[in-house]
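Below is one structure, written out as structure tokens, with a few remarks after it.
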Number of protein chains: 2
Amino acid sequence: MYQMVQYNVLVVDDEKEIRDAIEIYLKNEGITVLKAKDGIEALDILHQHEVHLIILDVMMPRLDGISATYKIREQKNIPIIILSAKSEDTDKILGLQVGADDYITKPFNPMELVARVKSQLRRYVSLGTFEGANKVIDLNGLTLDPVSKEVKAHGEIVKLTPIEYKIVELLMTNAGRVFSISEIYERVWKEPNYNAENTVAVHIRKIREKIEIDSKNPRFLKVVWGIGYKMEK
Amino acid sequence: MYQMVQYNVLVVDDEKEIRDAIEIYLKNEGITVLKAKDGIEALDILHQHEVHLIILDVMMPRLDGISATYKIREQKNIPIIILSAKSEDTDKILGLQVGADDYITKPFNPMELVARVKSQLRRYVSLGTFEGANKVIDLNGLTLDPVSKEVKAHGEIVKLTPIEYKIVELLMTNAGRVFSISEIYERVWKEPNYNAENTVAVHIRKIREKIEIDSKNPRFLKVVWGIGYKMEK
DNA sequence: AATTTTCTTAAGAATTACTTAAGATTGTAT
DNA sequence: ATACAATCTTAAGTAATTCTTAAGAAAATT
């Protein structure tokens, strides 16, 4: 998705089937899912984990969705998406209008759910409510601007392809940390690595060609033998 | 807020719940809130009090939001934020853009409302009577005048449709920043994107046809492969 | 020093993303 | 009701990127 950040979404619904279904759809997008079956449990999880968005069923045993919304708002400013059955009283949903950021009626289209979740996360991040990531990163003259998506090396703008950019972004935002090829693959492609060792290596090569003066003696993108690659801090 | 100034915000909505909720959030930020339940009442209050910003519901009995916007603009230059339900016709809201400075769809996140209110107030105050929002943007000869809503390329006025204008405005006020197709769709249409990739692409094409000399080699509206589009700074 | 493993490099094939055109649909004005 | 304009959909063409294959070089191991 957006900026190489790992998002945690809390799904609160009393039906296990729904919780699990949503989990599948979101995991597919590289989003981590936490689950709770009622409002009380939800508040509990909120205390223990960093959560970036909540999907909340209106009708729940123990602390229903509406009350939960208020409780959550007292503590956190994270986006809330309300889930409700079509049949349920419109007035109730109206009352929610001030507390929630969006709502979806059941049955829902998985694509729609995913789109709305992503959209809210994006807004949350771009509103700056969520600390992080719009600063230019500068590592000894290699710079990355996450807003304009521009990378400069030795003062020159480097034209990177989307995958190359994502790899550079991952390594630069975690400069000094070594990533195995598998890890790079999984975090950039958002799917498990099966046989992609070479694929990543090829991209590393292309990147070096573009950002390094002498790609045989890389100053920025270094290999850590037998382990992986890192960006020099 | 900073600057020790007392701001007065007028909230115009026919639902009491919403008026009250907004009052709570804004008071929390040290902002004074005045309330009206329709356009007529709003104009009344405007005559009696100094108001720095208005939050206006589109759908209201007696003098609806749209007409109210025009009436207010005849007299004052203060920022107007439009509130509208998701269901309400996007085109109508688009048309409104002429009078308003920002708009928010219900349901909304209180934090977002507060953020937008503060941002408008900051602009209004720090730039005198307005200026900021009303400055002509000039990017190497492509100009956009937010007051007359006119775009000129190579000295000629370009006739843009409402959607086209909104896209150009978004890109020009954030020149250099890359927007994904999803982001463009969400910020212009105010709803999450699932399948509108092509829709946006078509508008981009139409815009290029109008503002570029050679739309095959665009000088202003550039693509960033695999990521999105941007307006050249 | 020989062998194995891991990494680098190159070129062409496959895939994906973008552009463009034309017609269908929707909305607005007369 | 009709005409007109704006917007959306579909589909095909074009450009750019990504992947695969395979061979050679460097580091580690024996």
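Naming: A, B, ... by sequence-line order, numbering from 1 per chain.
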Distance in angstrom units between [X] [atom1] and [N] [atom2], rounded:
{"X": "Lys222(A)", "N": "dA27(D)", "atom1": "NZ", "atom2": "P", "answer": "13 Å"}
{"X": "Lys166(A)", "N": "dA17(C)", "atom1": "NZ", "atom2": "C1'", "answer": "12 Å"}
{"X": "Ile227(B)", "N": "dA17(C)", "atom1": "CD1", "atom2": "P", "answer": "12 Å"}
{"X": "Asn217(A)", "N": "dA25(D)", "atom1": "CG", "atom2": "P", "answer": "16 Å"}
{"X": "Arg205(B)", "N": "dT7(D)", "atom1": "CZ", "atom2": "P", "answer": "15 Å"}

[X], [atom1] atom: more than 12 neighbouring heavy atoms under 6.0 Å:
{"X": "Glu17(A)", "atom1": "CD", "value": "no"}
{"X": "Glu209(B)", "atom1": "CD", "value": "yes"}
{"X": "Lys152(A)", "atom1": "NZ", "value": "no"}

- Message: Among Lys222(A), Arg177(A), Arg219(A), exactly one meets salt bridge (Lys or Arg N to Asp or Glu O under 4.0 Å) together with Glu232(A). Which residue is that?
- Response: Lys222(A)
- Message: Closest approach to the side chain of Val223(A), judged atom by atom: which nucleotide of dA10(C), dT20(C), dC7(C) is it?
- Response: dC7(C)
- Side chains of Met172(A) and Pro146(A): closer than 4.5 Å at any heavy-atom pair? no
- Query: Across the strands shown, which category fits Tyr165(A) at heavy-atom distances under 4.0 angstrom: base, sugar-phosphate, nothing?
  - Reply: nothing
- Counting distance only, does the side-chain N/O of His47(B) pair as donor-acceptor with the main-chain N or O of Ala42(B) below 3.5 Å? no
- For nucleotides 9-20 of chain D, 5' to 3', base contacts (B), sugar-phosphate-only contacts (S) and non-contacts (-) with protein non-hydrogen atoms under 4.0 Å give BBB----SSSSB
- Task: Map Ala201(A) and Pro218(B) onto DNA chain C by nearest heavy atom, then report which one ends up closer to the 5' terminus.
- Result: Ala201(A)
- Counting only side-chain N and O atoms of Arg208(B), is one of them less than 4.0 Å from OP1 or OP2 of dT19(C)? yes
